Number of protein chains: 2
Amino acid sequence: MTARRQERPLTTSELAEPRVPRRREVIPEATVARLPLYLRALHALADDATQTISSEALAEAAGVNSAKLRKDLSHLGSYGTRGVGYDVQHLISQISRELGLSRRCSVVLVGVGNLGRALAGYGGFASRGLGIDALLDADRALTGEQIAGLTVRHVDDLAEVVVPGSIGVIATPASAAQTVCDQLVRAGVTSILNFAPTVLTVPAHVDLRKVDLSIELQILSFHEHRKSLAEGVTA
Amino acid sequence: MTARRQERPLTTSELAEPRVPRRREVIPEATVARLPLYLRALHALADDATQTISSEALAEAAGVNSAKLRKDLSHLGSYGTRGVGYDVQHLISQISRELGLSRRCSVVLVGVGNLGRALAGYGGFASRGLGIDALLDADRALTGEQIAGLTVRHVDDLAEVVVPGSIGVIATPASAAQTVCDQLVRAGVTSILNFAPTVLTVPAHVDLRKVDLSIELQILSFHEHRKSLAEGVTA
DNA sequence: ACGCGCTTGTGAACGCGCGCACAAAGTCAG
DNA sequence: CTGACTTTGTGCGCGCGTTCACAAGCGCGT
Ligand SMILES: NC(=O)c1ccc[n+]([C@@H]2O[C@H](COP(=O)([O-])OP(=O)(O)OC[C@H]3O[C@@H](n4cnc5c(N)ncnc54)[C@H](O)[C@@H]3O)[C@@H](O)[C@H]2O)c1
Ligand SMILES: NC(=O)c1ccc[n+]([C@@H]2O[C@H](COP(=O)([O-])OP(=O)(O)OC[C@H]3O[C@@H](n4cnc5c(N)ncnc54)[C@H](O)[C@@H]3O)[C@@H](O)[C@H]2O)c1
């Protein structure tokens, strides 16, 4: 069916935009956050040798509303066929390209403690495009140690392992996080993922995301607390 | 101003429900997600023996807009003094109470692998209110092992360790996540934090949150990719 | 006692994101 | 070729969340 598409005559719009991915449209943050979700579902489908999938079915697999899915995908251009659905392989490559996963992206991890080791040994993101390339720690006792096939280097060597486009991951104690963050920025890192429970300050051109497990638990605690209060009222 | 509200004639709906704890105002999700952030900043202030703090300063410490902070706090009642600010200790106890952290909340962790061990040994949330109380795994070889002062039990014993109000944490491979999730729900758990990269299905009365490191990295990858494209254009 | 300056609490405007619902566009059978 | 059926792409209204801006409230110095 992909072949068939090439048989029909070209429309004017196609002649107007010959090849370039001219869809440099701004993609909403909310959409960007869901693209990895779709990608995961699509990979599962591809493993099952599924050729095409409807927005309804893919939305089900990704756990989102189908209209939302279609709108999301429309932001990267129109890649669906009405009456049929989306070509799984094509969609995978489009989303991967948009996320910048086509060429391998370097990740440097600072802080090889409990959490850092777990992350280093995790193959979950290594599977596609992303993988940790360097482990760094301030503890001289750890320097040289082999973890998950990588040699731990001293954090002072940061500048040597960072390449343009590298993503930095901070898994140090909170007290050291801002210092490490500054070092990363100075080394040229413009995207940072922070696991330490602290507010980090970065220059405007640096993207900063954080993961805080404690906060997640507290949010759940809140709802749990609310439920127990509700029970008290109804009882 | 709360007083003023009482001066105006009561509406029919208010007459209809006279006695409800109407201080039990619905707190927006976005606010709930920030309360732990404020709490963390407040604890740091308390350690420095700070008595009171203005919304401006606290907002700075928490990394949010001060107007947003004030509006958030106003949802749990008015606890600030104009011209002075908020009493740190009082605010800590108010937020803790609202989050249900006053009495200790039980957490059961299923899946004692790389990530599970890191979480088990983590003291970050144990410090206040939340702490892991039970470790469970399907691997008989792990049963009985001591980790972070807790004895690993078999996942079949789940119902024995769950108490009303327990929070469940899933750190198993994705393939086992839904099964474990179902077991948790059957044991009476109504709040679940999922680390496995899968979409989980739960009954409507169960709260489900997820943490996906891979997604975080992909989002950063997207922005990094965008930056490199922008450079290409300007260059 | 009284006004001055500081800080809170909130009204109001704005923008974003969500999801319904439907027309357009394509497939497929006969 | 035609008509029925399927699925996409999106216009639109709505509700939530953010932010500005300011009046009301409180402490303090005089
Ligand atoms: N372990 C968890 O499950 C968990 C969960 C949530 C958050 N966190 C957070 O993640 C961070 C790490 O947790 P952890 O349990 O792995 O702690 P950890 O103490 O086991 O490891 C911290 C590592 O960082 C290294 N380090 C310290 N200062 C450094 C510096 N300036 N530069 C480079 N490396 C430095 C230390 O040598 C150590 O190896 C903490 O901020 C913690 O709050 C951990
Ligand atoms: N390690 C990381 O840094 C990391 C990062 C992000 C996400 N994750 C996710 O977290 C999960 C765990 O990761 P990991 O690295 O700890 O994996 P792991 O393989 O090291 O550990 C998984 C553990 O779960 C246990 N298990 C398997 N089936 C079970 C069942 N039905 N009931 C109870 N226990 C069961 C296994 O015995 C094992 O001990 C995975 O889904 C992974 O994708 C891990």
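Lettering follows sequence order; numbering is per chain, from 1. Just so you know, these numbers come straight off a predicted model, no measurement behind them. No hydrogens, no waters, no symmetry mates; every other heavy atom, side chains included, goes into these values.
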- Item | Between CD on residue B:Q94 and OG on residue B:S102, distance to nearest 0.5 Å | 9.5 Å

- Among C:dG19, D:dG17, D:dG27, which nucleotide sits nearest the side chain of A:N65? C:dG19

- Between B:Q218 and B:S214, is any side-chain donor less than 3.5 angstrom from a side-chain acceptor? yes

- When rounded to whole Å, the NE2 to P distance for the pair A:H75 and D:dT8 reads 16 Å

- Query: Which whole-number value in Å describes the distance from B:K68 NZ to C:dA13 P?
  - Reply: 21 Å

- Query: Separation of A:L76 atom CG from D:dT8 atom C1', in whole Å?
  - Reply: 14 Å

- Task: In whole angstrom, give the distance that lies between atom CD of A:E29 and atom P of C:dG17.
- Result: 8 Å

- Message: Using whole Å, what does the distance between atom P of nucleotide C:dT8 and atom CG of B:L58 come to?
- Response: 9 Å

- Message: Whole angstroms only, please: what is the CD1-C1' distance between A:I53 and D:dT8?
- Response: 14 Å

- Note on the structure: On a heavy-atom basis, the closest approach of A:V202 and A:C181 is CG1-SG, 3.5 Å

- Task: Mind checking B:A30 for me? I need base, sugar-phosphate or nothing, with any heavy atom below 4.0 Å counting as a touch.
- Result: sugar-phosphate

- Message: Using a 3.5 Å distance criterion without hydrogens, assess whether the side chain of B:S96 forms a donor-acceptor pair with backbone atoms of B:S93.
- Response: no

- Message: What is the separation between atom CZ on B:R70 and atom P on D:dA23, rounded to the nearest whole Å?
- Response: 15 Å

- B:Y86 side chain N/O closer than 4.0 Å to the phosphate oxygens (OP1, OP2) of C:dG9? yes

- Message: Hydrogens and angles aside, do A:R186 and A:Q183 bring a side-chain donor and acceptor to less than 3.5 Å of each other?
- Response: no

- Query: Does the side chain of A:S55 get closer than 4.0 angstrom to OP1 or OP2 of D:dT8 through an N or O atom?
  - Reply: yes

- Under-3.5 Å donor-acceptor pair between B:R82 side chain and C:dT8 base: yes

- Among D:dT18, C:dA21, C:dT8, find the nucleotide with the atom closest to the side chain of A:A67. C:dA21

- Side-chain N,O (B:R34) to OP1/OP2 (D:dT18) below 4.0 Å: yes

- Item | Position toward the 5' end of DNA chain C (nearest nucleotide), B:V84 or A:D72 | B:V84

- Query: Just how far, in rounded Å, is P of D:dC20 from CG of B:L69?
  - Reply: 14 Å

- Item | B:K71 (side chain) and C:dG9 (base): donor-acceptor pair under 3.5 Å | no

